[in-house]
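Each remark here refers to the structure printed beneath this line.
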Amino acid sequence: MKITSLAVVAAALAASSLPASAQVAGRWRVTGKVSSFAFMLNCDFKPEGHRLGGVCVDASTNSAKIKGGKSHTLTSGNVSGDKVIWTYRSSFLFTNFDVIYNGEVAGDTMSGVIDAQGHKGSFTATRG
């Protein structure tokens with residue numbers, strides 16, 4: 001009985017020593033809306049210490065305005081506790097701009113707000 005309890009405590013301590021970015025590592029399906037523009041992304045986050053790297057790719061939708069496959073490499077990212085922020089460059093009608101995601105992680109879900117060149121929105125994400 002003591003050995004089992006000790007193993008559980010050791011596992012908990014090992015998990016708590018992982019960088020916070022490890023909790024968001026892997027593939028996430030992100031959906032959201034900025035102004036009246038709805039979108040869907042597949043993001044593959046890669047922890048780099050407490051920083052977050054990776055890439056988000058536009059997912060195919062039923063909208064003629066959104067073509068799947070466009071890749072957005074993260075230009076910055078950070079995870080602190082359950083808070084996550086990431087940014088990538090995008091473009092629309094010959095205008096380049098940063099898209100900034102600011103959210104919270106809760107297990108296999110994430111939600112928060114988006115700022116895309118002053119246009120505000122919200123997003124949700126699920127692992128997988």
Closest non-hydrogen atoms of Ser91 and Lys70, given as atom of the first, atom of the second and distance, are OG-NZ, 3.2 Å

Do the ring centers of Tyr101 and Tyr88 come within less than 6.0 Å of each other? yes

From CA spacing to verdict: side-chain contact (heavy atoms from CB on, under 4.5 Å), Cys56, Leu74: CA-CA 7 Å; Cys56 292; Leu74 272 60; 4.0 Å; yes

Run the side-chain contact (heavy atoms from CB on, under 4.5 Å) test against Ser122 and tell me which residues pass, sequence neighbours left out. none

Do we see a donor-acceptor contact under 3.5 Å between the side chains of Thr124 and Thr31? yes

Between the side chains of Asn96 and Arg89, is a donor N or O closer than 3.5 angstrom to an acceptor N or O? no

Evaluate Thr126 against Asp108 for side-chain contact (heavy atoms from CB on, under 4.5 Å), listing each step before the verdict. CA-CA 6 Å; Thr126 55; Asp108 289 339; over 6 Å; no

Check whether any side-chain heavy atom of His72 sits under 4.5 Å from a side-chain heavy atom of Ser90, and report yes or no. yes

For Trp28 and Gln23, which heavy atoms make the closest approach, and how far apart are they? CZ2-O, 4.1 Å

Taking Ser35 for the side chain and His119 for the main chain, is one N or O donor matched with an acceptor at less than 3.5 Å? no

Of all the heavy-atom pairs spanning Val34 and Phe39, show the shortest one and how long it is. CG2-CE2, 4.2 Å

Co-membership, hydrophobic cluster, residues Val105 and Val113, 4.5 Å side-chain: no

